[in-house]
Amino acid sequence: MKKIPHTYVIIFILIVLAALATIFVPAGEFTRIEQTTQSGKIVNQIVPNTYHQIDSSPQTWQIMSALFKGFQKAPAIIAFILILGGAFWILNETGAISMGVQTFLNRSSSLEKYKIFRLIGVNNLIIASIMIMFSLFGAVFGMSEETIAFVAIFVPLAISMGYDSITGVCMCFLSAGLGFAGCILNPFTLGIAQDIAGIKMFSGIEYRLFIWFVMTFIGIAFVLWYANKVKKNPKASIMYKEDEYWRKSQNKAKVLTPIKSQKSAYITYFVLALVQIIFCVDIALDGIENKDIVIFVCTALYILFGYFMLKKSMQMFALNILIFTIIYLVAGVTGFEWGFTEIAALFFAMAIFSGMAMGKNASDISQLFIAGARDILSAAMVVGLASGIIIILEDGKIIDTILYGVSNGISNSGKTGALSIMYCFQTLLNALITSGTAKAAMLMPMFREISQMVGLGLQSTVTAFHIGDGLSNLLTPTSGVLIAVLGVARIPYTKWVKFSWKFILAMIVIGWLLLLPTLFISLPNF
């Protein structure tokens with residue numbers, strides 16, 4: 001059997017192909033201007049009909065500098081991966097996640113005594129519930145990078161339930177991606193795309209809810225089918241060999257002995273409580289807004305549940321720190337527009353306080369953090385290398401030429417053809433530009449003009465954009481989030497492709513079929 005090339009090899013081949021394209025494709029560019037959207041976000045927007053050719057800039061020796069420039073292009077996500085790796089290494093050392101998983105499964109297994117839960121299957125219900133939640137996160141506020149942190153929780157959970165690491169990744173990452181494509185209220189793709197298109201922000205939600213439901217339902221059905229197949233025959237999983245790492249960790253968790261909370265845990269509890277109280281006082285002095293209420297609620301809940309967990313064990317208190325880290329993450333992203341900087345700081349604090357709670361000194365915490373960062377370094381390297389593909393195309397000045405060629409093809413293809421080409425092009429463009437906001441600023445001005453030329457509704461155009469923007473991100477090697485997720489889960493990229501490509505291709509086709517009613521059926525606000 002022929003061995004599949006290493007992920008680094010595959011990405012380097014793509015860099016070489018991108019460099020060859022810069023030799024044969026003419027260089028060109030559009031004029032761009034800065035525009036402020038209704039939500040206050042500044043985007044670099046293309047001016048239609050301003051394409052012009054420029055001197056070509058073929059990329060040759062630059063292939064060898066692509067890795068370095070890739071690191072320069074994606075420093076935030078690379079640093080985030082390393083910090084996350086170090087943080088969860090410390091947390092794993094405490095045994096908090098493992099003990100939390102075992103406690104959860106012991107409690108959930110008690111539901112089997114009820115006939116309805118036996119018929120549905122408790123594990124099926126757990127998987128479906130988690131996937132619905134993350135799909136909503138993706139659809140409402142565009143959860144993407146945040147799923148990296150959850151992988152370290154759901155992979156051990158999936159392994160303990162008798163599944164594999166791929167099931168754990170699907171529970172959070174795949175479902176968030178499907179929700180991202182379904183897109184009910186996501187301000188970073190739908191909101192900006194509608195703003196640029198000149199239509200009411202978040203209008204047409206009725207049909208988008210239907211799209212979200214269909215995509216989420218199919219995703220859950222697929223994951224449940226796969227998960228139960230693996231549970232019946234664990235060796236049927238393509239990750240059976242690699243998952244030995246996770247199985248060993250969970251076997252150790254089954255014999256974990258709760259450790260009575262020591263002085264260090266109580267000190268950590270009071271320090272964290274004091275920090276949050278001071279933060280609440282600071283907010284109150286500046287004037288309380290509606291979004292600030294969640295901070296007061298979280299502080300009160302931490303004081304209550306933190307003390308309760310302290311009484312159980314030090315591991316459960318460390319788990320409590322993780323739970324409130326995630327609560328603050330969701331609150332920060334949805335209410336305070338947090339990005340990589342704030343989220344990384346949050347998990348870094350979690351690492352330090354978790355280590356303190358378990359009685360680790362500063363040197364121990366530092367060594368554990370370095371070990372975790374070292375363990376996940378390969379994933380960070382892939383992100384830098386994958387960013388090199390985009391660097392080559394940008395420096396070769398051919399991305400706008402590709403956009404220009406596609407726009408000319410769309411304008412002469414009729415309504416159905418135009419919508420289909422827009423959707424397919426957007427799906428493929430994800431391999432080059434993973435930022436939804438950047439693609440909206442780049443594509444929507446041209447798509448808006450072409451739609452008006454062929455008599456295509458702007459709402460249909462926006463829908464083609466946001467469905468196409470989500471699905472291929474689940475597969476493309478240039479997606480830093482995907483590579484980071486796979487790195488945390490210890491899943492080789494090639495095995496993820498082998499598992500997911502047929503499903504994602506099917507979802508792309510289903511996404512296209514869901515677009516067609518917007519042309520032929522009268523829909524609310526379409």
Side-chain angles (χ1 to χ4, degrees), residues 71 74-97 100 143-156 172 264-265 267-279 282 295 298-299 302 306 309 314-315 317-381 383-384 480-481 483-485 487-489:
F71 269 82
I77 193 167
I78 291 169
F80 181 69
I81 291 169
L82 294 175
I83 289 174
L84 204 65
F88 274 98
W89 192 273
I90 294 171
L91 197 67
N92 284 331
E93 186 71 15
T94 69
I97 294 177
M143 174 178 271
S144 180
E145 295 90 350
E146 298 83 6
T147 56
I148 301 170
F150 288 95
V151 169
I153 300 169
F154 289 119
V155 168
C172 55
S264 59
I267 291 173
T268 304
Y269 166 73
F270 284 114
V271 168
L272 282 172
L274 182 61
V275 168
Q276 291 175 83
I277 291 169
I278 292 172
F279 186 42
D282 186 53
I295 305 298
C298 285
T299 300
Y302 166 80
M309 290 294 197
M314 285 210 294
Q315 293 104 321
F317 176 64
L319 179 66
N320 186 69
I321 293 175
L322 170 63
I323 291 169
F324 277 90
T325 298
I326 292 170
I327 291 172
Y328 274 113
L329 184 155
V330 174
V333 170
T334 55
F336 298 91
E337 299 182 355
W338 281 8
F340 277 124
T341 302
E342 294 82 3
I343 298 171
L346 188 66
F347 279 99
F348 188 62
M350 179 200 75
I352 293 173
F353 286 111
S354 297
M356 286 172 56
M358 295 301 292
K360 307 286 184 185
N361 60 39
S363 295
D364 292 337
I365 293 172
S366 299
Q367 289 172 357
L368 287 170
F369 187 87
I370 291 169
R374 185 190 304 119
D375 187 64
I376 207 169
L377 178 62
S378 61
M381 292 284 287
V383 173
V481 176
I483 297 303
V485 162
V488 173

Measure the shortest side-chain to side-chain distance between Ile376 and Trp89 over non-hydrogen atoms and say whether it is less than 4.5 angstrom.
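A side-chain contact is absent here, since even the closest heavy-atom pair is not under 4.5 Å.
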Side-chain touch Phe317/Thr268, heavy atoms, less than 4.5 angstrom
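Touching, per the 4.5 Å side-chain cut-off.
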Distance (rounded to the nearest 0.5 Å) between [X] [atom1] and [Y] [atom2]:
| X | Y | atom1 | atom2 | result |
| --- | --- | --- | --- | --- |
| Met356 | Leu272 | CE | CG | 7.5 Å |
| Leu319 | Ile153 | CG | CD1 | 8.5 Å |
| Gln276 | Ile295 | CD | CD1 | 8.5 Å |
| Met314 | Thr94 | CE | OG1 | 9.5 Å |
| Ile83 | Phe80 | CD1 | CZ | 8.5 Å |
| Leu84 | Leu91 | CG | CG | 10.5 Å |

Which residue is it: Tyr269, Phe279, Tyr328? I am looking for the one with a ring pair (Phe, Tyr, Trp, His ring centres under 6.0 Å) to Tyr302.
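Result: among Tyr269, Phe279, Tyr328, Tyr269 is the only option passing the ring pair (Phe, Tyr, Trp, His ring centres under 6.0 Å) with Tyr302.
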Okay, side chain of Asn92, backbone of Phe88: is any donor-acceptor separation there less than 3.5 Å?
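Yes, because the side chain of Asn92 sits within donor-acceptor range (under 3.5 Å) of the backbone of Phe88.
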Test log, rule side-chain contact (heavy atoms from CB on, under 4.5 Å), inputs Phe150 and Ile326
CA-CA 9 Å; Phe150 288 95; Ile326 292 170; 3.3 Å; yes
Could you walk me through whether Glu93 and Lys360 pass side-chain contact (heavy atoms from CB on, under 4.5 Å), step by step?
CA-CA 10 Å; Glu93 186 71 15; Lys360 307 286 184 185; 4.1 Å; yes
If you look at every heavy atom in [X] and [Y], which pair is closest and at what distance?
| X | Y | value |
| --- | --- | --- |
| Val151 | Ala489 | CG1-CB, 3.7 Å |
| Thr147 | Cys172 | CG2-O, 4.0 Å |
| Gly306 | Asn320 | CA-ND2, 3.4 Å |

